[in-house]
**Student:** 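Would you mind keeping the following structure in view while I ask a few things?
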Amino acid sequence: MSKKERILILILNALLCVAVIVFTATLMKGWGVFVTAVCYALPSAGLMAGAVAFALKKHALLKSCFVIIVCIFVIMGAIAITSKVAGLEQFKSDAEKIERITQLIRNTGEWGMVVFVTIQILQVVILPLPAIVCYVPGSHIWGAGIATLLASVGVIVGSAIAYFIGRFFGKKAVIWIAGKETTEKYVGYIGKRGKVIFVLMQILPFFPDDILCMIAGLTSMSFPFFMGVIVLVRPLVIAVYCFLGDGSIIPFSGWGIPVWIAIFAVCAVLAVLSFKYQDRVEKWLIKKFKRDKNKQTGDKEK
């Protein structure tokens, strides 16, 4: 990515962030403090993340920030339009407004489910959206069980597509999507350490699991093994998000509000720490795995 392209993405990212803030200030007046705070926090975080990614020349992160902000911009626009069309102003509480939007989506029937599954496919292949944005709304609309099933189908299909992008379109295509540095680093990790390290990367939160699906296609990893890992691991992770996000374990009212605020705060801190110390965690994990593997090999030789 050239410097002009990075500057253009940075400017567009900043403009969209400002637009989301303006949307919040002008079109979200009827919403409560918590929702409004989140709507202000997301674009503010997008501005900072975009600036940091540009300064550190993290091209993949800069593109990811831009894609996420575009999605936030679209979602905010959709909420604003829905507020006018569905007359959400007449509902006093946020819970009533959200329930009205949820009912509108439920009324779309199977089409709503198809759209939800499609979003899961796209978020694996081209839209690096946070898991909470992808899974929790479905959990609230259809329930945790159905949302887990729908999201799992979408993620499994998207993961297969990502694998074949790497397999058939090659390294250049993956570099265009994920960046040269990221692609070469993880190709080295998976290619040299093999299957076990891929499984660990799919389980642990420090690694870009969706991008790893494309990179797996660049290696000698077989498709049956790849799909076996995805089918066994990803639905379990999705289920955790869905069952936490449906509000039955931690409610979105009363005592649950400060708990959710604390969870968001912890996630934000962990995101910053993982971004800052990701390389150290990766090197420690690879070193430990290599040492354990060598130890096992030595024991067998004895």
**Student:** How many angstroms lie between atom CD of Glu5 and atom CG of Leu10, to the nearest 0.5 angstrom?
**Tutor:** 13.5 Å
**Student:** Are Leu42 and Val20 packed together at the side-chain level, in the sense that at least one heavy-atom pair is separated by less than 4.5 angstrom?
**Tutor:** no
**Student:** Using a 3.5 Å distance criterion without hydrogens, assess whether the side chain of Arg167 forms a donor-acceptor pair with backbone atoms of Met214.
**Tutor:** no
**Student:** Please check if Leu12 and Leu47 belong to a single hydrophobic cluster, counting links between Ile, Leu, Val, Met, Phe, Trp and Tyr side chain heavy atoms closer than 4.5 Å.
**Tutor:** no
**Student:** Any idea which heavy atoms bring Ala216 and Phe198 closest together, and the distance?
**Tutor:** CB-CE1, 4.0 Å
**Student:** When you compare the side chain of Val240 with that of Tyr135, does any pair of heavy atoms fall below 4.5 Å?
**Tutor:** no
**Student:** Tell me the closest heavy-atom pair linking Thr148 and Ala239, and the distance in Å.
**Tutor:** OG1-CA, 3.7 Å
**Student:** May I ask you to check whether over 12 heavy atoms, not counting those of Phe73, lie within 6.0 Å of atom CZ?
**Tutor:** no
**Student:** Let me confirm one number: the CD1-CG distance from Ile146 to Leu149, rounded to the nearest 0.5 Å.
**Tutor:** 8.0 Å
**Student:** Do you reckon Ile21 sits in the same ILVMFWY cluster as Val70, going by side-chain contacts under 4.5 Å, direct or chained?
**Tutor:** no
**Student:** What closest approach, in Å, do Cys17 and Ile69 show between heavy atoms, and which atom pair accounts for it?
**Tutor:** SG-CD1, 3.6 Å
**Student:** Output yes when a side-chain donor or acceptor of Arg6 lies under 3.5 Å from a complementary backbone atom of Phe54, and no otherwise.
**Tutor:** no
**Student:** Is it the case that the side chain of Asn13 and the backbone of Ile9 share a donor-acceptor pair, with hydrogens and angles ignored and the cut-off at 3.5 Å?
**Tutor:** no
**Student:** Can you check whether Ser159 reaches Phe226 side chain to side chain, under 4.5 Å on heavy atoms?
**Tutor:** yes
**Student:** Working to the nearest 0.5 angstrom, can you tell me the gap between Ile230 CD1 and Ser152 OG?
**Tutor:** 11.0 Å
**Student:** Apply side-chain contact (heavy atoms from CB on, under 4.5 Å) to Phe225 and Val199, showing your working.
**Tutor:** CA-CA 10 Å; Phe225 175 83; Val199 176; 4.2 Å; yes
**Student:** Is it true that Leu15 and Met48 fall in one hydrophobic cluster, defined by side-chain heavy atoms closer than 4.5 Å?
**Tutor:** no
**Student:** Less than 4.5 Å apart, side chain to side chain, heavy atoms only: is that true for Ile156 and Gln120?
**Tutor:** no
**Student:** What is the minimum heavy-atom distance between Pro43 and Cys39, and which atoms define it?
**Tutor:** CD-O, 2.8 Å
**Student:** Starting at CG of Leu212, measure out to OG1 of Thr219 and round the result to the nearest 0.5 Å.
**Tutor:** 10.5 Å
**Student:** Kindly work out whether a path of hydrophobic side-chain contacts (I/L/V/M/F/W/Y, heavy atoms less than 4.5 Å apart) joins Phe223 to Ile211.
**Tutor:** yes
**Student:** Give, for atom CD1 of Ile165 and atom SG of Cys213, the distance between the pair rounded to the nearest 0.5 Å.
**Tutor:** 10.5 Å
**Student:** Testing the basics here: between Ala144 and Ser139, what is the closest heavy-atom pair and its distance to 0.1 Å?
**Tutor:** CA-OG, 3.6 Å
**Student:** Measure across Ser222 and Tyr163 and return the closest heavy-atom pair with its distance rounded to 0.1 Å.
**Tutor:** C-OH, 3.6 Å
**Student:** Is it true that Val114 and Ile238 fall in one hydrophobic cluster, defined by side-chain heavy atoms closer than 4.5 Å?
**Tutor:** no
